[in-house]
Amino acid sequence: MRAEKFDVLVIGGGVTGVGAALDAASRGLSVALVEARDFASGTSSRSSKLIHGGLRYLEQLEFPLVYEALRERGLLLTRLAPHLVRPVPFLVPLTARVWQRFYYGAGVALYDSMASVLGFGRGIPWHRHLSRTAAKRRFPSLRDDQLIGAIKYYDGQVDDARFVATIARTAASMGAAIATSTRVVDVLRDAREVVGVRVRDMESGEEFDVRARTVIAATGVWSDDIAEMLGTKKRGLRVRASKGIHLVVPRSAISGDDGLILRTEKSVLFVIPWGGHWIIGTTDTDWQLDRSHPAASGRDIAYLLEHVNAVLDRPIAVSDIEGVYAGLRPLLSGESEETSKLSREHAVVEPMLGLMVVAGGKYTTYRVMAADVVDKAASRLPGTPASRTQDIPLIGADGYEHAWQNRADIARRHGVSAGVLEHLLERYGALYTEILDVADEYPGPLDGAPEYLAAEVVYAARAEGALHLDDVLTRRTRISIETTHRGVESAPHAARLMADVLGWSPETRDNEITHYVARVQAERESQRMPDDQTADAARLGAPDVRGYAPDPASA
């Protein structure tokens with residue numbers, strides 16, 4: 001990065017940023033990407049983990065948005081990432097005998113019809129109307145007085161953070177230069193043209209310039225920061241942050257096979273099956289405090305529990321909660337609109353020559369956003385071909401279907417259980433053999449999280465760019481939200497494994513554990529606070545491990 005002048009420099013390692021890096025690299029452009037923290041460390045690891053067409057947007061008559069999302073859902077399920085995206089069933093409970101079945105049924109039928117007629121429905125079963133008895137069989141925990149029947153339909157589900165890391169690795173395999181822990185501190189200009197950025201290595205503190213013919217800012221809720229660096233009144237896009245929180249509870253807390261989608265007075269409430277857990281979300285509230293570590297307050301948690309308990313026969317208590325996470329949606333904003341009504345469409349602007357800003361949109365349509373912003377950049381790079389990413393499977397996709405169909409035989413040959421192999425196939429696809437090779441060196445499960453292998457921690461540090469304990473426990477795995485200890489019991493073992501790969505000294509290893517435990521404690525404290533202000537203050541009580549220079553022994 002210090003020596004080369006790139007065709008495209010991308011700022012931001014979320015799903016849109018890594019998508020733009022892949023799109024540009026696949027067109028034959030020289031590409032660099034810098035991310036201040038870790039892949040998906042912002043919004044892109046804190047979503048509802050759905051790849052969906054946006055059923056509720058039909059009600060708002062946003063047909064182009066639904067069309068676009070259904071197309072992308074179909075591509076991801078069948079061609080681009082079948083190892084990471086899979087169908088998940090949902091029930092729409094009905095409480096009124098005639099009008100709801102007609103109204104909701106018409107909406108779901110239109111949803112499925114759009115996908116099928118347009119050729120985007122492969123891999124997704126058709127919806128079904130269920131009687132009260134059939135619905136109770138699928139979801140026994142629904143209260144009797146909240147159900148006269150249901151409509152069952154399907155959408156897609158993904159581990160959002162793993163998906164982003166996989167896109168980044170795919171871009172790197174095509175020649176993109178990618179660096180995390182690399183924060184942009186200034187924008188370089190030549191007269192009225194942007195020609196690169198100045199960055200700070202958050203591990204060493206060193207600063208250097210990265211030069212490029214075009215710069216793409218895919219920074220989500222941080223989009224306004226780029227305008228401030230330019231020192232211009234041209235803000236490009238006005239983006240507002242909407243906070244959404246999710247709760248994770250054990251599968252045993254709710255008896256059901258399918259997810260639920262429920263309407264509330266402010267948003268849509270999902271109850272989503274997630275392996276041995278349920279994800280319950282989400283809220284939709286304006287957020288103007290710290291953007292790096294948005295905090296879930298006690299009020300947020302109480303709101304979700306109140307609404308989900310209204311339809312369950314056994315209420316979920318705070319003590320049932322395993323994990324809580326909060327994310328910020330970047331919404332294209334007007335001056336006074338409520339966040340739930342702001343646009344979920346995206347926009348691309350060029351506030352200064354050579355700088356493109358992309359913001360808004362939905363996780364599902366990241367590839368379209370990426371293609372649009374690279375198209376804009378390509379207008380300054382004659383001879384650049386059109387986007388090809390609709391035909392490029394992510395790494396791990398090729399060979400996945402064959403491996404899945406023959407998983408019993410493969411597991412037997414490798415001497416592992418079918419459950420372990422399925423776990424690896426659903427997280428790494430055809431790359432599962434690489435983790436099994438590491439497991440020969442580092443056998444057994446991870447302490448405190450037996451569903452994960454110790455080898456996965458080693459692999460994250462060796463091959464997936466994990467630099468800190470938080471990267472592994474929060475994003476390469478989801479241990480921080482899937483265990484009641486939130487990763488604290490796994491931290492010492494994981495730190496020892498990472499130390500072997502990254503050459504940490506005992507002091508650095510202990511520092512990583514200390515920072516991780518402090519982060520968990522701060523999050524727990526914030527979740528006991530009554531409002532956003534006090535929750536934010538409590539969460540900021542734990543410093544970020546990035547920005548602390550390593551000790552000489554580990555350099």
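FYI, the numbering just counts along the sequence from 1.
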### Task
Decide whether Ser131 and Thr133 meet the rule of one side-chain donor and one side-chain acceptor closer than 3.5 Å.
no
### Message
Looking at His485, I want to see if its NE2 is surrounded by more than 12 non-hydrogen atoms of other residues, nucleotides or ligands under 6.0 Å.
### Response
yes
### Query
Do any N or O atoms from the side chain of Thr283 and from the backbone of Ile245 form a donor-acceptor pair under 3.5 angstrom?
yes
### Message
Using 30° and 60° as the class boundaries, would you call the ring planes of Tyr363 and Phe163 parallel, tilted or perpendicular?
### Response
tilted
### Query
Taking all atoms of both residues into account, what is the closest heavy-atom pair of Ile395 and Thr170, and its distance?
N-OG1, 3.1 Å
### Task
Find the distance between CG (Leu421) and OH (Tyr432) and round it off to the nearest 0.5 Å.
6.5 Å
### Derivation and outcome, side-chain contact (heavy atoms from CB on, under 4.5 Å), residues Thr483 and Ser490
CA-CA 10 Å; Thr483 59; Ser490 305; 5.7 Å; no
### Query
So, the side chain of His127 versus the backbone of Gly105: is there a donor-acceptor pair under 3.5 Å, distance only?
no
### Query
How long is the gap from CG on Leu424 to OH on Tyr459, to the nearest 0.5 Å?
10.5 Å
### Task
Please check if atom CZ in Arg524 has more than 12 non-hydrogen atoms from other residues, nucleotides or ligands closer than 6.0 Å.
yes
### Task
State, to 0.1 Å, how close Glu322 and Arg486 come at their nearest heavy-atom pair, and which atoms those are.
O-NE, 3.1 Å
### Query
Counting only heavy atoms not in Arg128, do more than 12 fall under 6.0 Å of its CZ?
no
#### Entry: Heavy-atom check, side chain of Ile272 versus side chain of Lys49, under 4.5 Å
no
### Query
Taking Ser223 for the side chain and Gly220 for the main chain, is one N or O donor matched with an acceptor at less than 3.5 Å?
yes
### Query
Taking the side chain as C-beta and beyond, is there a heavy-atom pair between Val10 and Val373 under 4.5 Å?
no
### Task
Applying side chain to side chain contact (heavy atoms under 4.5 Å, CB included) between Lys243 and each of Asp284, Leu289, Asp300, Thr282, report the one that passes.
Asp300
### Message
Any salt bridge linking Arg299 with Asp532? Criterion: basic side-chain nitrogen under 4.0 Å from a carboxylate oxygen.
### Response
no
## Note on the structure
CZ (Phe270) and CD1 (Ile279) are apart, to the nearest 0.5 Å, by 11.5 Å
#### Entry: Asp320 and Arg314, any side-chain heavy atoms less than 4.5 Å apart
yes
### Query
Between the main-chain N or O of Pro273 and the side-chain N or O of Arg251, is there a donor-acceptor pair closer than 3.5 Å?
no
### Query
How about Asp531 and Ser297: does a side-chain donor come under 3.5 Å of a side-chain acceptor?
no
### Query
Is it true that Arg132 and Asp144 make a salt bridge, defined as a side-chain N closer than 4.0 Å to a carboxylate O?
yes
### Task
Mark yes or no for whether Thr477, through its side chain, and Val472, through its backbone, hold a donor-acceptor pair below 3.5 Å.
yes
### Task
Determine whether Lys152 and Asp258 make a side-chain contact, defined as any pair of heavy atoms from C-beta on separated by less than 4.5 Å.
yes
### Task
Would you name the heavy atoms of Ser387 and Asp23 that are closest together and state the gap between them?
OG-OD2, 2.6 Å
### Message
Just checking Tyr325 against Trp274, ring centres under 6.0 Å apart?
### Response
no
#### Entry: Minimum heavy-atom distance between Val66 and Gly54, given as atom pair plus value
CG2-O, 3.6 Å
### Query
Do Thr364 and His52 have side-chain atoms, one donor and one acceptor, less than 3.5 Å apart?
no
#### Entry: Arg46 side chain to Ser41 backbone, donor-acceptor under 3.5 Å
yes
### Query
When you look at Asp160 and Ser44, which way does the side chain to side chain donor-acceptor pair (under 3.5 Å) test go after all the steps?
CA-CA 6 Å; Asp160 47 9; Ser44 294; over 6 Å; no
### Task
Please state whether the rings of Trp99 and Tyr104 are parallel, tilted or perpendicular, taking 30° and 60° as the class boundaries.
tilted
### Query
Is a side-chain N or O of Arg407 found less than 3.5 angstrom from the main chain of Trp404, in a donor-acceptor match?
yes
### Message
Strictly below 4.0 Å, N to O, side chains only: are Asp290 and Arg539 in salt-bridge contact?
### Response
no
### Message
Once rounded to the nearest 0.5 Å, what's the spacing between atom CD1 of Ile321 and atom CG of Leu247?
### Response
4.5 Å
### Task
Quick one: sort the Tyr303 and His307 rings into parallel, tilted or perpendicular, breaks at 30° and 60°.
tilted
### Query
So, are Arg476 and Glu456 salt-bridged, with charged N and O less than 4.0 Å apart?
no
### Query
Looking at side-chain heavy atoms only, is the closest gap between Ser480 and Glu523 below 4.5 Å?
no
### Message
For Asp372, is there an ion pair with Lys376 - N to carboxylate O distance below 4.0 angstrom?
### Response
no
### Message
Using 0.5 Å steps for rounding, measure from the OG atom of Ser173 to the CD1 atom of Ile392.
### Response
9.0 Å
### Note: Glu464-Arg162 ion pair, threshold 4.0 Å (strictly below)
yes
### Query
If we only count heavy atoms from C-beta on, is the Val15 to Ile167 side-chain gap below 4.5 Å?
yes
### Query
Does a salt bridge link Arg79 with Asp391, judged by any charged N lying under 4.0 Å from a carboxylate O?
yes
### Message
Show the nearest heavy-atom pair for residues Ile280 and Leu304, with the distance to one decimal.
### Response
O-CD1, 3.7 Å
### Task
Could you check if a side-chain atom of Pro82 sits within less than 4.5 angstrom of a side-chain atom of Glu401, using non-hydrogen atoms only?
yes
### Summary
When rounded to the nearest 0.5 Å, the distance separating CZ of Arg138 from CZ of Phe90 is 13.0 Å
### Query
Considering only heavy atoms from C-beta outward, does the side chain of Asp38 approach that of Thr474 to under 4.5 Å?
no
### Message
Whether the side chain of Thr43 engages the backbone of Leu328 through a donor-acceptor N/O pair (distance < 3.5 Å, no angle test) should be reported.
### Response
yes
### Query
Between Leu269, Leu142, Val92, Ile254, which is the residue that forms a side chain to side chain contact (heavy atoms under 4.5 Å, CB included) with Leu260?
Leu142
### Short side-chain to backbone donor-acceptor contact, Glu35 and Gly13, under 3.5 Å
yes
#### Entry: Considering all heavy atoms, the nearest Leu331-Ser242 contact
CD1-CB, 3.7 Å
### Query
Hey, what's the ring geometry for Tyr111 with Tyr153, parallel, tilted or perpendicular (30° and 60° as the breaks)?
perpendicular
### Task
Go through the steps to decide whether Ser45 and Arg475 satisfy the test side chain to side chain donor-acceptor pair (under 3.5 Å), and finish with yes or no.
CA-CA 7 Å; Ser45 62; Arg475 288 173 290 277; 5.0 Å; no
